[in-house]
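What follows is a short report on a single structure.
Atom set for the values below is all heavy atoms of this structure, side chains included, hydrogens, waters and symmetry mates excluded. Just so it is clear: chains get the letters A, B, ... in the order the sequence lines come, proteins before strands, and each one is counted from 1.
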Number of protein chains: 2
Amino acid sequence: MAGSDHPPFAVTVDLVLLTVRSGRFAALVVERGEQPFRGRLALPGGFVHPDEDLPDAALRELREETGLAPSLGHLEQLASYGAPGRDPRQRVVSVAYLGLVPDLPEPVAGTDAAASQFMPVDSLLRTAGSLAFDHDAILADGVERARAKLEYTSLATAFCPAEFTVGELRAVYEAVWGVELDPRNFHRKVTGTPGFLASTGASTTRGGGRPAQLYRRGPTRTLMPPLLRT
Amino acid sequence: MAGSDHPPFAVTVDLVLLTVRSGRFAALVVERGEQPFRGRLALPGGFVHPDEDLPDAALRELREETGLAPSLGHLEQLASYGAPGRDPRQRVVSVAYLGLVPDLPEPVAGTDAAASQFMPVDSLLRTAGSLAFDHDAILADGVERARAKLEYTSLATAFCPAEFTVGELRAVYEAVWGVELDPRNFHRKVTGTPGFLASTGASTTRGGGRPAQLYRRGPTRTLMPPLLRT
DNA sequence: ACCCTATCTCGTCACCTTGACGATTACTGG
DNA sequence: CCAGTAATCGTCAAGGTGACGAGATAGGGT
């Protein structure tokens with residue numbers, strides 16, 4: 001760090017906010033109201049304030065876009081993107097954060113982004129250029145990170161409400177990975193891993209069949225051995 | 001991204017450069033020649049040039065500090081650190097990169113950092129404040145990332161020279177994880193994973209015992225199933 | 001030449017996890 | 001009451017892993 005003259009950079013945070021909505025893996029996107037890329041879809045984000053820490057900026061964006069407190073869900077740093085020319089206006093380094101939230105009752109209670117909505121990730125990733133800037137690549141990185149983390153962490157519970165059934169948890173895995181899992185083996189795995197699930201004693205019958213037990217997320221954060229997609 | 005006025009940031013890259021040196025897991029540190037933290041140890045790093053991409057800046061630092069081309073070894077983005085006040089001079093966001101290199105013949109062929117050296121990571125991490133700025137935390141993150149990645153990738157070969165024996169590869173795992181592994185089970189695992197190792201046909205007798213076959217790194221980058229530390 | 005030691009390499013065996021799948025339970029809707 | 005649906009429990013074979021025995025092949029000392 002030879003601190004003499006150094007070029008001016010702008011620093012932003014961008015949010016890859018993922019959820020599972022009616023059985024589909026979806027990401028929050030906003031329609032840009034200004035140039036450049038006016039009218040195009042983009043990831044929510046904004047400039048970091050002068051005395052604001054990076055995680056605080058990401059939490060502020062999360063609140064502004066979803067009205068969600070981070071008590072439920074999960075937020076972690078994803079990666080940083082700073083290629084020259086990624087923003088045509090000036091040199092911008094963007095620190096991307098990955099957020100996982102349960103299906104929101106209010107689609108988006110946000111204040112800023114009136115034109116924000118969840119869209120299925122497979123349709124967003126199918127064609128390059130769906131999103132402005134390099135947000136295609138950022139979204140792809142976030143989706144891959146989320147898919148990988150379901151294998152060896154209990155992060156899938158971040159997509160669920162506070163209380164959920166084994167079947168609902170399995171639906172999360174199936175939506176995120178785009179595969180079908182055997183209900184019996186999945187049930188054995190998640191109930192057999194100590195600390196993954198905490199029983200509430202209650203049961204529910206939201207679906208058609210036999211009532212299912214309700215669980216809360218347990219204290220275990222890392223799955224050993226992992227739950228592998230084949 | 002509401003592009004109006006935004007505060008000025010400086011952007012740097014810092015390098016967590018790890019190797020295995022005489023059986024010990026070690027990181028490259030430099031002695032700072034200027035304020036702040038003059039005379040203290042720190043991770044190598046520097047400001048990003050105006051039209052330089054972030055990976056290019058990291059590669060440049062790697063070359064300047066070690067003279068090593070990235071053909072051997074491995075370099076990936078680790079995380080970004082931007083807390084207000086982490087640099088007392090001004091607001092600085094640092095993008096940290098993680099580099100894994102084989103034991104270098106020339107300790108450090110670098111040009112800039114005359115006072116750079118590899119130091120064992122356990123001694124650096126034992127006491128908080130070993131390194132300037134927040135480099136303690138950055139180093140800890142890099143070390144944990146490297147330890148985790150040995151489990152499910154073939155990245156341990158990045159610590160080895162172009163040709164190596166199974167025993168040398170096992171020594172890498174033992175040094176990085178700080179554990180002892182059963183030589184027979186380890187041999188079965190790495191030779192039984194398709195694409196992990198590529199046989200050269202040659203053999204060597206660097207150690208005391210029976211000659212060992214020499215391998216090169218194979219095409220497989222991800223280990224399925226992983227090689228778990230117990 | 002001989003033994004000792006160190007290391008590599010191959011085998012064996014018990015245990016655990018997983019994938020495939022049958023069977024039972026307990027609810028809803030007609 | 002019956003069909004449909006989903007939850008939950010069991011069974012079994014296949015594959016991976018930890019613990020460990022045994023042979024192979026070098027160097028070094030006497």
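- No hydrogens or angles considered: nothing links the side chains of B:D103 and B:T19 as a donor-acceptor pair under 3.5 Å.
- Atoms CG (B:L181) and C1' (D:dC20) sit 16 Å apart, rounded to a whole Å.
- Remark: the B:R210 side chain and the C:dC8 base include a donor-acceptor N/O pair separated by less than 3.5 Å.
- Ring geometry for B:Y173 against B:W177 counts as perpendicular: the plane angle is over 60°, on a 0 to 90° scale with 30° as the lower cut.
- A salt bridge does not link B:R40 with B:E31: every distance from a Lys NZ or Arg NE/NH1/NH2 to an Asp or Glu carboxylate oxygen is 4.0 Å or more.
- Side chain of A:P211, nearest nucleotide from D:dT8, D:dG18, C:dA26: C:dA26.
- Rounded to whole angstrom, the span from the CZ atom of B:F186 across to the C1' atom of C:dG11 amounts to 19 Å.
- On a pure distance criterion of 3.5 Å, a polar donor-acceptor pair joins the side chain of A:R188 and the base of C:dG19.
- Going from atom NE2 of B:H187 over to atom P of C:dC10 covers 5 Å, rounded to whole Å.
- As a whole-Å value, the separation of B:Q213 CD from C:dC8 P is 12 Å.
- Side-chain proximity of A:P225 to C:dA26, D:dG18, C:dT18: nearest is C:dT18.
- Evaluation of atom-type donor-acceptor distances gives no pair under 3.5 Å for the side chain of A:R184 against the base of D:dT8.
- The separation between A:L223 atom CG and C:dT17 atom P is 13 Å, rounded to whole Å.
- Among the atoms of the strands shown, only primed sugar atoms or phosphate atoms (P, OP1, OP2) are found under 4.0 Å from some heavy atom of B:R170.
- A distance-only check finds a donor-acceptor pair linking the side chain of A:E174 to the backbone of A:L181 [under 3.5 Å].
- Of the listed nucleotides (C:dT9, C:dC27, C:dG19), C:dG19 has the atom at the smallest distance from the side chain of A:N185.
- For B:K189, no side-chain nitrogen or oxygen approaches OP1 or OP2 of D:dG16 to under 4.0 Å.
- Across the protein-nucleic acid pair, A:M224 atom CE and D:dT17 atom P stand 12 Å apart, rounded to whole Å.
- One can place CG of B:L227 at 14 Å from P of D:dG16, the figure rounded to the nearest angstrom.
- Rounded to an integer number of Å, the gap from OH of A:Y215 to P of D:dA7 is 11 Å.
- Nucleotides of DNA chain D nearest to A:G208 and A:P183 differ in position, and the one nearer the 5' end is that of A:G208.
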- Item | Verdict with supporting geometry, A:R206 and A:L214, side chain to side chain contact (heavy atoms under 4.5 Å, CB included) | CA-CA 11 Å; A:R206 293 174 192 149; A:L214 278 175; 4.0 Å; yes
